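Just below is one structure, and these are the notes that go with it.
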Amino acid sequence: MGAKESLPGDDPAPEVHHYYSKFMRECPSGQLSLHEFKKLLDLQGLDPQGDVYIKRVFDIFDLNQDGFIDFLEFIAAINLVIRGKIDQKLKWYFKLYDADGNGCIDKKELLSIFTAIQAINGHTTMSAEEFTNMVFQKIDVNNDGELTLEEFINGVESDSDLMELITKSFDLSNVLKVIQSGRRHSI
């Protein structure tokens with residue numbers, strides 16, 4: 001009796017199968033390089049800031065840091081985007097912003113990544129400087145000019161406006177749509 005009941009549509013297998021065949025069609029080697037990743041998402045020829053951002057996203061998806069995204073890493077990334085809980089996504093965002101990997105985000109890192117995202121998404125309601133200052137003003141509790149993971153997650157989770165702004169600005173569902181529908185331009 002004690003077995004967990006599964007709801008209809010709960011089975012991830014068809015979805016995983018869809019992504020597997022898509023991944024293998026786009027990447028028969030089973031190893032997606034940064035160049036292929038950009039090509040798949042139709043993100044070649046970005047300005048240097050945009051390139052920095054895409055490289056950071058790629059590096060975070062490349063869990064074993066071998067320079068390629070393999071199928072398991074690809075599925076882990078898709079799972080985060082589709083099913084990830086908000087604190088998992090916030091941890092991912094934190095990792096994305098913490099460019100030097102020291103466990104804290106400083107203003108320069110946040111400014112740099114937000115500028116890069118603006119270069120890709122184009123439209124935003126505030127400048128990268130305004131965004132960075134606002135984030136630090138709201139959630140840098142001890143005013144040391146750095147955000148720890150705890151400050152970041154607690155601060156964003158307790159401020160619904162900031163939560164909305166961060167999830168919209170860094171939404172990866174556009175990336176997902178491209179992956180689901182295939183390349184926008186056949187070459």
Side-chain angles (χ1 to χ4, degrees), residues 12 32 34 37-38 40-43 46-65 67 69 72-180:
L32 198 60
L34 176 60
F37 183 67
K38 285 182 182 176
L40 173 71
L41 300 176
D42 197 25
L43 291 171
L46 294 172
D47 66 13
Q49 284 282 16
D51 265 346
V52 166
Y53 172 66
I54 293 302
K55 171 94 171 85
R56 291 278 311 135
V57 170
F58 181 88
D59 288 345
I60 292 171
F61 285 168
D62 177 14
L63 299 171
N64 66 358
Q65 301 297 301
I69 296 176
L72 287 175
E73 291 167 332
F74 180 74
I75 286 299
I78 299 260
N79 246 339
L80 173 77
V81 176
I82 296 177
R83 296 201 181 86
K85 305 244 181 313
I86 196 64
D87 61 330
Q88 290 173 305
K89 288 183 181 183
L90 289 175
K91 280 181 185 155
W92 190 88
Y93 295 143
F94 184 87
K95 210 169 166 182
L96 181 64
Y97 309 146
D98 181 15
D100 62 7
N102 72 347
C104 289
I105 303 168
D106 61 38
K107 283 189 172 182
K108 191 173 163 229
E109 286 172 321
L110 189 58
L111 184 64
S112 156
I113 204 76
F114 196 71
T115 305
I117 288 165
Q118 280 185 318
I120 293 170
N121 292 345
H123 61 282
T124 47
T125 50
M126 61 177 77
S127 74
E129 288 81 6
E130 288 169 328
F131 173 79
T132 302
N133 290 335
M134 190 243 336
V135 168
F136 272 83
Q137 186 182 353
K138 285 185 173 204
I139 64 178
D140 184 14
V141 183
N142 59 5
N143 288 317
D144 65 352
E146 290 189 324
L147 301 176
T148 62
L149 178 62
E150 191 180 353
E151 275 179 317
F152 181 73
I153 289 179
N154 293 343
V156 174
E157 284 184 335
S158 64
D159 187 318
S160 57
D161 293 341
L162 191 56
M163 173 73 85
E164 189 180 334
L165 189 64
I166 283 187
T167 39
K168 271 189 185 158
S169 301
F170 306 98
D171 185 13
L172 291 171
S173 56
N174 289 339
V175 168
L176 197 60
K177 280 181 202 138
V178 174
I179 292 169
Q180 282 178 319

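As the structure is a prediction and not an experimental result, all values here were calculated from the model.
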Query raised in the report: Do Glu73 and Leu32 have side-chain heavy atoms sitting under 4.5 Å apart?
Result: no

Requested in this report: Check step by step if side-chain contact (heavy atoms from CB on, under 4.5 Å) holds for Asp51 and Lys38.
Outcome: CA-CA 9 Å; Asp51 265 346; Lys38 285 182 182 176; 2.9 Å; yes

Query raised in the report: What is the minimum heavy-atom distance between Phe136 and Ile105, and which atoms define it?
Result: CZ-O, 3.5 Å

Query - Heavy-atom donor-acceptor pair, Asn133 side chain to Glu129 backbone, under 3.5 Å - result: yes

Query raised in the report: Are Phe114 and Tyr97 close enough that their ring centres sit under 6.0 Å apart?
Result: no

Query - Close side-chain approach of Asn102 and Glu146, heavy atoms under 4.5 Å - result: yes

Query raised in the report: Heavy-atom distance under 4.5 Å between the side chains of Glu109 and Asp106, does that happen here?
Result: yes

Query raised in the report: If we only count heavy atoms from C-beta on, is the Ile113 to Thr115 side-chain gap below 4.5 Å?
Result: no

Query raised in the report: Any side-chain heavy atom of Leu110 within less than 4.5 Å of one from Phe131?
Result: yes

Query raised in the report: Tell me the side-chain hydrogen bond (donor to acceptor under 3.5 Å, both in side chains) pairs involving residues 148-159, sequence neighbours left out?
Result: Lys138-Asp159

Query raised in the report: Taking the side chain from Glu130 and the backbone from Ser127, do they hold a donor-acceptor pair closer than 3.5 Å?
Result: yes

Report task. State the CD1-CZ distance between Ile60 and Phe94, to the nearest 0.5 angstrom. Result -> 11.0 Å

Report task. For the pair Asp59 and Lys55, find out whether any cationic side-chain nitrogen is under 4.0 Å from an anionic carboxylate oxygen. Result -> yes

**Report entry** Contact check, side chains of Asp98 and Leu147, non-hydrogen atoms, under 4.5 Å
**Finding:** no

**Report entry** Straight-line distance of Trp92 CH2 to Phe61 CZ, nearest 0.5 Å
**Finding:** 4.5 Å

Query raised in the report: Going from CG on Leu63 to CZ on Phe74, what distance comes out if it is rounded to the nearest 0.5 angstrom?
Result: 13.0 Å

Query - Between CD on residue Gln137 and OG1 on residue Thr132, distance to nearest 0.5 Å - result: 12.5 Å

Query raised in the report: For the residue pair Lys89 and Leu80, what are the closest heavy atoms and their distance?
Result: CE-O, 3.2 Å

Query - Point-to-point distance, once rounded to the nearest 0.5 Å, from CG of Leu149 to SG of Cys104 - result: 9.5 Å

Query raised in the report: To the nearest 0.5 Å, how far apart are CD1 in Ile153 and CG in Asp87?
Result: 6.0 Å

Query - Gln88 to Lys85 - nearest heavy-atom pair and separation - result: OE1-N, 2.7 Å

Report task. For Asp140, enumerate each residue passing the salt bridge (charged side-chain N to carboxylate O under 4.0 Å, His left out) test, keeping only those at least two apart in sequence or located in another chain. Result -> none

